[in-house]
Amino acid sequence: MRYISTRGQAPVLNFEEAMLTGLASDGGLYVPETIPEMSADDIAALAGLSYEDIAFRVMKPFIGTTFTDAEFRDIIARAYSVFGHDARAPLVQLGANHFLLELFHGPTLAFKDFAMQLIGQLFQSALARRGDRVTIVGATSGDTGSAAIEAFKGLENVDVFILFPHGRVSDVQRRQMTTPSESNVHALAVEGDFDDCQAALKEMFADAAFRDGVKLAAVNSINWARVLAQVVYYFSAAVSLGAPHRKVSFTVPTGNFGDIFAGYIAKRMGLPIDKLVIATNQNDILHRTLETGAYTKEGVTPSISPSMDIQVSSNFERALFDVYDRDGAAIAQLMDELKSGSFVVSQGAHERLRETFVSGRASEEETSATIAAFKDRAGEVLCPHSAVGVKVAEEFLSEVPMITLATAHPAKFPAAVEAACGIHPPLPERMADLFERDERFTVVPNDLEGLKTLVKERIA
Ligand SMILES: Cc1ncc(COP(=O)(O)O)c(C=O)c1O
Ligand SMILES: N[C@@H](CCOP(=O)(O)O)C(=O)O
């Protein structure tokens, strides 16, 4: 399996190289050259298998010969052994034909653990074999950072720097990032928003001397391996509701577009997905783009679903690449225009986007009302991100089963949840002392050169 850049100018890589490289040298994102397909029989054969077995069968064609079957099975087993639910990603029924896919049973209580625990193991195996080390820099609006720190803390051949927007993540999210004491963990509170953090990360990759000097690696969903790991739960959920014999739809609370892009890949692989619904909060750039064809930045407004407070939605580039018939030059041109604040997708590309995705938006009031309503109606305490998904999903309910992704545990956002429904969701026992642990982080200005200097000094 070969991986190509969405901007067409970077070297073609194999899986291991694409994983360790992260962002392509032309600023694009790596995608598989071809998407492997699973037949209806292949999909039917997943019924009744463990999450780990489904993960092996779904991901194996993308990995090529990077790991032997035994190594890859072992990596998957280690990754998911730390999850707090035997099913890993259980489905619960919310209402007639509406299901919730609980993706928050991993160690940091968000869907990020599915991919991060896996790539932690993949990195370890690949780096040990190469006798190499890397410096991971990640940008987070709260959940990627804690999941990355959990997966990479204490590893000898990795330093992990996490840039998070100062004052714009929940207290639980911040403490998950700032209380680990391992010396290879560096939590940096940037005076800016998530888009500033992600832009700094991409600029670091664009500086070849810095990138090569520190052996920069990415664990955001710009890394293809992140997206790949997230494809698996679309299969496990759909099969448990009758796929391939029955279609299902998914609604995905969306920010950086990694999670829903994983659903799109599942569909391209042959999973019978009817609708893929993009659910945004008030930072609704993706919903507006689907409606109008114009991708226009308007600045981020902090919300009660802070992990989705994003305007520059990184993985949307991967979707654009496909609807522009994989024309790297056209994508490079759009991304260049975005530097001035907006671009307009061509009519053909817009139509193709609308054939693949539908979208909706939940206001702050609607999000809170949804948390309150579902606590009463279904006895399910939703986190605000999942509530955005549930609210939007309700607009698209039909005779086809709808699966809404519950992307985080409500205990990560207790203030918003309590304000909405009166319940203060407790943290699981294993992190009950989170608020007694010492915090360790550095507040840094939103200044690229300063950040690069800090990274170099810390790893020296
Ligand atoms: C809890 C939660 N929900 C939803 C999202 C949005 O996911 P994505 O960025 O893959 O679109 C995020 C951030 O990624 C998140 O942390
Ligand atoms: N919501 C995310 C933002 C980064 O997304 P990623 O999937 O690209 O890592 C977060 O929690 O950090």
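When a residue number appears, it is its place in the shown sequence, counting from 1. Just follow the structure's listing: the first ligand is 1, and inside any ligand the first atom is 1. Here the structure is a predicted model, which is why all the values come from computation and not from measurement.
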Report task. Determine whether the side chains of S303 and D309 contain a donor N or O and an acceptor N or O closer than 3.5 Å. Result -> yes
Report task. Around atom 12 (O) of ligand 2, find the nearest protein heavy atom and jot down its residue, atom name and distance. Result -> T140 OG1, 2.6 Å
Query raised in the report: Under 4.5 Å between any side-chain heavy atoms of F72 and T66, yes or no?
Result: no
Query - Identity and separation of the nearest protein heavy atom to atom 11 (O) of ligand 2 - result: D143 N, 2.7 Å
Report task. Decide whether an N or O pair under 3.5 Å exists between S307 and ligand 2. Result -> yes
**Report entry** D143 neighbourhood, listing ligand 1 atoms whose heavy-atom distance to it stays under 4.0 Å
**Finding:** 1 (C), 2 (C), 15 (C), 16 (O)
Query raised in the report: Any heavy atom of S221 sitting closer than 4.0 Å to ligand 1?
Result: no
Query raised in the report: Can you say whether the rings of F413 and H385 are parallel (under 30°), tilted (30 to 60°) or perpendicular (over 60°)?
Result: tilted
Contacts table for residues 401-410: side-chain donor-acceptor under 3.5 angstrom, sequence neighbours left out:
| unit_1 | atom_1 | unit_2 | atom_2 | d |
| --- | --- | --- | --- | --- |
| T404 | OG1 | H98 | NE2 | 2.7 |
| H409 | ND1 | A411 | N | 2.9 |

Query raised in the report: In terms of ring plane angle, is the pair W224 and Y3 parallel, tilted or perpendicular, where the classes change at 30° and 60°?
Result: tilted
Requested in this report: Please work out which of F111, F104, F257 has its closest non-hydrogen atom nearest to atom 7 (O) of ligand 1.
Outcome: F111
Query raised in the report: Does the side chain of E418 pick up a donor-acceptor pair with the side chain of H424 at under 3.5 Å?
Result: yes
Query raised in the report: Which one holds for N220 and ligand 2: side chain close, backbone close, both close, or neither close, with close meaning a heavy atom under 4.0 Å?
Result: both
Report summary line: So the atoms of ligand 1 within less than 4.0 Å of a heavy atom of A408 turn out to be 1 (C)
Report summary line: Near M308 (heavy-atom distance under 4.0 Å), the atoms of ligand 1 are 4 (C), 5 (C), 6 (C)
Query raised in the report: By number and element, which atoms of ligand 1 are closer than 4.0 Å to a non-hydrogen atom of D259?
Result: 10 (O)
Report summary line: In ligand 2, the atoms that come under 4.0 Å of a heavy atom of G142 are 10 (C), 11 (O), 12 (O)
Report task. May I ask you to list the atoms of ligand 1 that are less than 4.0 angstrom from any heavy atom of N256? Result -> 8 (P), 9 (O), 11 (O)
Query raised in the report: Between K297 and D195, is there a side-chain N and carboxylate O pair less than 4.0 Å apart?
Result: no
Query raised in the report: When only distance counts, is N315 in polar contact with ligand 2, meaning an N/O pair under 3.5 Å?
Result: no
Query raised in the report: Taking NZ, NE, NH1 and NH2 as the nitrogens, is one of them in R361 or D284 under 4.0 Å from a carboxylate oxygen of the other?
Result: yes
Report task. Please state whether the rings of F257 and F316 are parallel, tilted or perpendicular, taking 30° and 60° as the class boundaries. Result -> perpendicular
Query raised in the report: Can E439 and R174 be counted as an ion pair, charged N to O under 4.0 angstrom?
Result: yes
Report task. Can you label the angle between the Y80 ring and the F114 ring as parallel, tilted or perpendicular, going by 30° and 60°? Result -> tilted
Query raised in the report: Taking the six-membered ring of F321, is the NZ or CZ of R318 close enough (under 6.0 Å from the centre) and on axis enough (within 45°)?
Result: no
Query raised in the report: Salt bridge between R352 and D322, side-chain N to carboxylate O under 4.0 Å?
Result: no
Requested in this report: Using a strict cut-off of less than 4.0 Å between a Lys/Arg side-chain nitrogen and an Asp/Glu carboxylate oxygen, indicate whether D212 and K215 qualify as a salt bridge.
Outcome: no
Query raised in the report: To the nearest 0.1 Å, how far is atom 2 (C) of ligand 1 from its closest protein heavy atom, and which atom is that?
Result: T407 OG1, 3.5 Å
Query - Ligand-residue contact atoms, ligand 1 with H385, heavy atoms, under 4.0 Å - result: 1 (C), 2 (C), 3 (N)
Query raised in the report: Can a non-hydrogen atom of K112 be found less than 4.0 Å from any atom of ligand 2?
Result: yes
**Report entry** atom 8 (O) of ligand 2: nearest protein contact (heavy atom, Å)
**Finding:** S221 OG, 2.6 Å
Query raised in the report: Are side-chain heavy atoms of H350 and E355 found at a separation under 4.5 Å?
Result: no
Query - Per-residue contact class, R226 against ligand 2 - non-hydrogen pairs under 4.0 Å - result: side chain
Query raised in the report: Among protein heavy atoms, which lies nearest atom 10 (C) of ligand 2, and at what distance?
Result: S141 OG, 3.1 Å
Query raised in the report: Of all the atoms in ligand 2, which lie at a distance below 4.0 Å from a heavy atom belonging to F194?
Result: 3 (C), 4 (C)
Requested in this report: Decide whether the shortest distance between a heavy atom of S314 and an atom of ligand 2 is less than 4.0 Å.
Outcome: no
Report summary line: Note: ligand 1 atoms sitting under 4.0 Å from heavy atoms of K112 are 13 (C), 14 (O), 16 (O)
**Report entry** For G258, the ligand 1 atoms whose distance to one of its heavy atoms is below 4.0 Å
**Finding:** 8 (P), 10 (O), 11 (O)
Report summary line: N256 heavy atoms within 4.0 Å reach ligand 2 at atoms 4 (C), 5 (O), 6 (P), 8 (O)
Report summary line: In ligand 2, the atoms that come under 4.0 Å of a heavy atom of T144 are 2 (C), 4 (C), 5 (O), 6 (P), 7 (O), 9 (O), 10 (C), 11 (O), 12 (O)
Query - Shortest protein heavy-atom distance from atom 15 (C) of ligand 1, along with the residue and atom involved - result: S307 CB, 3.4 Å
